[in-house]
S.K.: 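Before we start, here is the structure in question, set down as structure tokens.
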Amino acid sequence: MSGGNVATAQALVETLRRSGVEHVCICPGSRSSPFALAFAGHGDIRTWIHVDERSAGFFALGLARELRAPVAVVCSSGTAAANLLPAVVEAALSRVPIIVLTADRPPELRDVGAPQTIDQLNLYGRHAKWFMDMPLADGSTALIRFTSACAARAVAVARAVPAGPVHLNLPVREPLLDAGAADQGPSYVPVVAAGAPHVDAGIIAACAAQLPQYERGVIVCGPQNDPAFPAAVAALAKALGYPVFADPLSQVRCGSHDRSSVVDAYDAFLRDRTVNEAFTPDVVLRFGALPTSKPLWERLQTLSDCPQFLIDDAGSWRDPLATATTVVQADAAAFAAALAAAVSAAKGPPVWRAQWLELDRRTRVALTDALARDERPFDGAVFAALADDLPSETTLFVGNSMPVRDLDTFFGGSERVLRFAANRGANGIDGVVSSALGAAAAGSQVVLVLGDLSFYHDSNGLLAGRLNGIDATIVVLNNDGGGIFSFLPQADVVPPERFEQIFGTPTGLDVGRIAAVYSTGFTRADDAPAFRDALSRALVTPGISIIEVRTQRPENVRRHRAIQAHVVAALQSAPAMAR
Ligand SMILES: Cc1ncc(C[n+]2csc(CCOP(=O)(O)OP(=O)(O)O)c2C)c(N)n1
Ligand SMILES: [Mg+2]
């Protein structure tokens, strides 16, 4: 039957669009032609062109996370599809809805040595929430209806809590494009009705009765991507009288919500032994993923007698510390808002909350003071400058390794509406450039800060800037290798030359030349004023602007330790903790 491929592709694309997919990343290839053309010809779907599938996957992920909506990716058969695996893994773990559409050969060409043909069935294994090997198109009404149903279902599954990636494998028989096929539009588009998050009233009543009994509580907010969450958790903190230890990626540190309970310098003050020991809450309420700060989660792990509530989406279990004594499976924002309303009459003793807020203030002053003592380029100073200078409505995207940790330590809260993002599902150093450019494609002003190896790993992603006209600022913290390893015990036991070879891995790459290859802007900033100047210019310059800050790995370790020593000394004079 003729017209099958084109009509089926058009039904698929139209149903995806009507189900909420407004963006697609398309990678070149022949086998995927019907789908690529159906997307590109659809007037109401934004198309983003990528050559490298690995970058395309991460771009889709960054875009979908920023939009909080599903994004599709289309690629050809073979290793093209295999290159999407890292992004699928990250999307699964960081709960981002992406719809992966891989073209494939028809069944008679599988496993018989046909070119560009690999086994694509369940290619992403359990990392995909749903997989369907679609039937070959035959132009029949029955198969077109089935295709539409699968497209609607794919979006529904990707969105369903916890969100994640789905995979449709699309075999296409030649001729790929049936001659003369006209766009008829689908006659059948199922609509999925998904309800708003609902929190069980019984659970709220039980928590509302129990929690006010604990005077010294603490709320810990890990990575979260729900705009409704900060205000809800602020209301809960106020109602209970608890401080909120907020990871930057929780979106609670910065914004126009009530931040009067927010503590953001805990990563530094919990490294002080006396303070650490004094941190003995009666109860912990933990929301979302595990916070970045190792001193915080290590301390939570030692609080074995303390009830710890973990509030996370139904069907998930993010408790690697195995400290949760009660797991509440609920939408975080809805739970916090409902509980805040239910305990609104209660009030904790002000001294407990106040003393952590005061310690927080003193720690931030000590950190600022320590940074001011040395003007030489330092990763922490970059984040402190960003905390001062980033305009409202900016998304700060950070790479894994040291950047996400330095963000945690050195980026204090503010009233500015800032969003924070990182690929913290699998913590890869791959795909960071593409994910950040994907976030920029959502229309946000994006500043990305990442290490030199992470930059190298996804420098292919920079092409998206030229192909798709994206504006973004990229700050490369260039310490010529993996700086994080110098903080690990390996650094003390492995001989220096072997350490450099295996862990340091200096590449000697010239960031300026990479920038030139991709025709991006480039500035090297050698001190804080030069950085601030470069940043302010980059923020108003169209296209991609790269700012390189060169630092030294061993020196970086010394600076971190000196700053920590300064904080500890400054806190010695802090008033005694309540216990
Ligand atoms: C895809 C991937 N490969 C390897 C690692 C292990 N890894 C973690 S941090 C790191 C070094 C990163 O170096 P860079 O981006 O320069 O940041 P720095 O450590 O210097 O801050 C490596 C190789 C990883 N997380 N992801
Ligand atoms: Mg590095």
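Counting starts at 1 for both ligands and their atoms, following the listed order.
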S.K.: Strictly under 2.8 Å, is the Mg ion (ligand 2) approached by any N, O or S atom of Asp480?
M.R.: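 Looking at Asp480, which is the residue asked about, there is no N, O or S atom under 2.8 Å from the Mg ion (ligand 2).
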
S.K.: In terms of atom number and element, which parts of ligand 1 are under 4.0 angstrom from non-hydrogen atoms of Leu453?
M.R.: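 So the answer, numbered in order with elements, is 13 (O), 14 (P), 15 (O), 16 (O).
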
S.K.: Identify whether the distance between the nearest side-chain nitrogen and carboxylate oxygen of Arg376 and Asp526 falls below 4.0 Å.
M.R.: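 Here Arg376 does not pair with Asp526 in a salt bridge, since their nearest N and O are not under 4.0 Å apart.
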
S.K.: Look at ligand 1 and say whether Tyr456 reaches it with a heavy atom at a distance under 4.0 Å.
M.R.: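 Under 4.0 Å: no for Tyr456.
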
S.K.: What residue among Leu453, Thr505, Thr507 forms side-chain contact (heavy atoms from CB on, under 4.5 Å) with Asp480?
M.R.: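 Looking at Leu453, Thr505, Thr507, the match for Asp480 under the side-chain contact (heavy atoms from CB on, under 4.5 Å) is Thr507.
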
S.K.: Report yes or no: does Pro86 have a heavy atom closer than 4.0 Å to ligand 1?
M.R.: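 Heavy atoms of Pro86 never come under 4.0 Å of ligand 1.
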
S.K.: Is Met402 close enough to the Mg ion (ligand 2) to have an N, O or S atom under 2.8 Å?
M.R.: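 Checking the Mg ion (ligand 2) against Met402, no N, O or S atom falls under 2.8 Å.
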
S.K.: Looking at ligand 1, does Gly428 have a heavy atom less than 4.0 Å from it?
M.R.: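 Within the 4.0 Å threshold, so yes.
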
S.K.: Heavy-atom contacts with Gly482 under 4.0 Å: which atoms of ligand 1 show up? List them by number with element.
M.R.: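 That gives atoms 11 (C), 13 (O), 19 (O), 20 (O) of ligand 1.
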
S.K.: Are His560 and Arg558 close enough that some pair of their side-chain heavy atoms sits under 4.5 Å apart?
M.R.: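 The answer is no; the side chains never approach within 4.5 Å.
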
S.K.: Are the charged groups of Asp267 and Arg271 less than 4.0 angstrom apart, N to O?
M.R.: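 Judged by the 4.0 Å cut-off on N to carboxylate O distance, Asp267 and Arg271 do form a salt bridge.
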
S.K.: Ignoring angles and geometry beyond distance, decide whether Ser454 reaches within less than 3.5 Å of ligand 1 through its nitrogen or oxygen atoms.
M.R.: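 Yes.
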
S.K.: Do the charged groups of Arg405 and Asp379 touch, with an N to O distance under 4.0 Å?
M.R.: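 Salt bridge absent between Arg405 and Asp379.
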
S.K.: Please confirm whether Asn427 comes under 4.0 Å of ligand 1, counting heavy atoms of the residue only.
M.R.: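 True for this residue.
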
S.K.: Is the ring pair Phe245/Tyr266 parallel, tilted or perpendicular, if the boundaries are 30 and 60 degrees?
M.R.: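 Because their plane-to-plane angle is under 30°, the rings of Phe245 and Tyr266 count as parallel.
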
S.K.: To the nearest 10 degrees, calculate the angle at the Mg ion (ligand 2) involving OD1 of Asp452 and O of Gly481.
M.R.: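 Here the angle at the metal atom is close to 100°, to 10°.
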
S.K.: Identify whether the distance between the nearest side-chain nitrogen and carboxylate oxygen of Arg253 and Asp264 falls below 4.0 Å.
M.R.: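 Salt bridge: no.
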
S.K.: Might you check, step by step, whether the distance between atom 6 (C) of ligand 1 and some protein heavy atom is under 4.0 Å?
M.R.: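 Looking at atom 6 (C) of ligand 1, one finds that no protein heavy atom lies closer than 4.0 Å.
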
S.K.: Please confirm whether Ala426 comes under 4.0 Å of ligand 1, counting heavy atoms of the residue only.
M.R.: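 No, Ala426 has no heavy atoms under 4.0 Å from ligand 1.
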
S.K.: So among Val96, Val71, Val88, which one has a side-chain contact (heavy atoms from CB on, under 4.5 Å) with Leu61?
M.R.: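 With Leu61 as partner, Val96, Val71, Val88 yield a single side-chain contact (heavy atoms from CB on, under 4.5 Å), made by Val96.
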
S.K.: For Trp48 and Phe59, take the angle between the two ring planes, folded into 0 to 90°, and tell me which bin it lands in: parallel under 30, tilted 30 to 60, perpendicular over 60.
M.R.: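 Taking Phe59 first and then Trp48, their aromatic rings sit tilted (interplane angle of 30° to 60°).
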
S.K.: Under 4.0 Å, heavy-atom basis, I'd like to know which part of Ile484 is in contact with ligand 1: side chain, backbone, both or neither.
M.R.: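 Near ligand 1, Ile484 shows its backbone as well as its side chain.
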
S.K.: At what distance is the nearest protein heavy atom to atom 22 (C) of ligand 1, and which residue and atom is it?
M.R.: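 Heavy-atom neighbour on the protein nearest atom 22 (C) of ligand 1: Phe485 CZ, 3.5 Å.
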
S.K.: Can you check whether Ser401 has an N/O within less than 3.5 Å of an N/O in ligand 1?
M.R.: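 There is such a contact, yes.
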
S.K.: Nearest protein heavy-atom contact for atom 26 (N) of ligand 1: which residue, which atom, what distance?
M.R.: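 For atom 26 (N) of ligand 1, the nearest protein heavy atom is Ile429 N, 3.0 Å.
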
